[in-house]
Amino acid sequence: MTSTKTSAYEGFTAQERAAMKEHAQERKKAARRASQAEKAAEAERDVLAKIAEMQDSDRAMAERVHAVVTAAAPVLAPKLWYGMPAYALDGKIVCFFQSAAKFKARYATLGFSDQARLDDGPMWPAGFALTEVTPEVETRIAALVERAVS
């Protein structure tokens, strides 16, 4: 039987498959750790190592986002999520940083999951494009993160 469709599903991109593999490795690694404190310390080291691997502009933004998020909401635990820095509350991701290079995008992204308490009527933003992290942007990120966990 032939199809008249002109577009065919080609599956996941190489970047998406790589992200899924990283996520599976992250979960396996987390399961092997011993104490809660050890898990938290290693998770933060993993996040900082991942940030250090990023390209220049992504790395600079990720470093600033990490500093702002951890200062604004110390209850959030840094951890890797699909190979990107993320911040969790009670084990559930609240927000994350996605580098532009990860999916060959035009800009980096600061995203919030449905766990973030950013509700504002029937529609609100859950992702923000980042091209630079200025002091003004840091203030906005801090306010969003504080609101997300309040």
Side-chain angles (χ1 to χ4, degrees), residues 11-150:
F12 294 107
T13 66
Q15 294 86 3
E16 290 168 332
R17 283 191 302 277
M20 288 185 283
K21 286 180 183 177
E22 280 185 281
H23 184 61
Q25 289 171 343
E26 292 158 11
R27 292 183 56 95
K28 285 180 188 176
K29 189 175 184 181
R32 288 191 299 261
R33 297 182 186 135
S35 71
Q36 266 314 63
E38 183 182 316
K39 286 181 182 184
E42 191 166 345
E44 181 154 17
R45 283 193 302 270
D46 291 346
V47 166
L48 294 173
K50 186 56 76 170
I51 290 171
E53 293 174 6
M54 293 180 186
Q55 295 177 356
D56 294 338
S57 64
D58 284 341
R59 183 176 56 250
M61 287 189 289
E63 287 170 347
R64 293 306 314 139
V65 167
H66 178 76
V68 170
V69 170
T70 55
V75 297
L76 292 179
K79 65 187 285 182
L80 289 178
W81 189 56
Y82 293 97
M84 288 287 108
Y87 305 88
L89 181 63
D90 299 326
K92 295 182 181 181
I93 300 299
V94 173
C95 62
F96 60 91
F97 176 86
Q98 181 178 296
S99 71
K102 180 76 173 180
F103 294 104
K104 298 182 177 135
R106 189 167 55 100
Y107 48 79
T109 305
L110 174 65
F112 291 87
S113 75
D114 61 338
Q115 299 298 311
R117 297 181 186 118
L118 298 176
D119 303 34
D120 185 19
M123 184 174 149
W124 58 89
F128 298 85
L130 293 173
T131 58
E132 183 181 13
V133 179
T134 63
E136 178 186 329
V137 170
E138 288 180 5
T139 302
R140 290 181 64 194
I141 291 170
L144 284 166
V145 170
E146 288 170 356
R147 186 169 155 213
V149 296
S150 63

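Note that the structure is predicted; figures quoted are calculated from it, not measured. For the numbers below, each heavy atom of this structure counts, side chains included, while hydrogens, waters and symmetry mates do not.
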[atom1] ([X]) with more than 12 external heavy atoms under 6.0 Å:
{"X": "D119", "atom1": "CG", "value": "yes"}
{"X": "Y107", "atom1": "OH", "value": "no"}
{"X": "R147", "atom1": "CZ", "value": "yes"}

Could you pull out the closest heavy-atom pair between [X] and [Y], with the gap in Å?
{"X": "A148", "Y": "V94", "result": "CB-CG1, 3.9 Å"}
{"X": "L118", "Y": "P125", "result": "CD1-O, 4.3 Å"}
{"X": "Q15", "Y": "K102", "result": "CG-O, 3.4 Å"}
{"X": "L130", "Y": "V137", "result": "CD2-CG1, 3.9 Å"}
{"X": "F112", "Y": "F96", "result": "N-CE2, 3.9 Å"}
{"X": "A101", "Y": "D58", "result": "N-OD2, 3.1 Å"}

Please report the interatomic distance [atom1]([X]) to [atom2]([Y]), rounded to the nearest 0.5 Å.
{"X": "K50", "Y": "M84", "atom1": "NZ", "atom2": "CE", "value": "6.0 Å"}
{"X": "C95", "Y": "Q115", "atom1": "SG", "atom2": "CD", "value": "12.0 Å"}
{"X": "L89", "Y": "R117", "atom1": "CG", "atom2": "CZ", "value": "6.5 Å"}
{"X": "I51", "Y": "M54", "atom1": "CD1", "atom2": "CE", "value": "5.5 Å"}
{"X": "S113", "Y": "K92", "atom1": "OG", "atom2": "NZ", "value": "9.5 Å"}

Side chains of residues 60-80: which donor-acceptor pairs under 3.5 Å do they make with residues two or more places apart or in other chains?
unit_1 : atom_1 : unit_2 : atom_2 : d
R64    : NE     : E138   : OE2    : 2.7
R64    : NH2    : E138   : OE1    : 3.4
R64    : NH2    : E138   : OE2    : 3.2
H66    : ND1    : Y87    : OH     : 2.8
H66    : NE2    : E44    : OE2    : 3.3
T70    : OG1    : H66    : O      : 2.8
T70    : OG1    : A67    : O      : 3.2

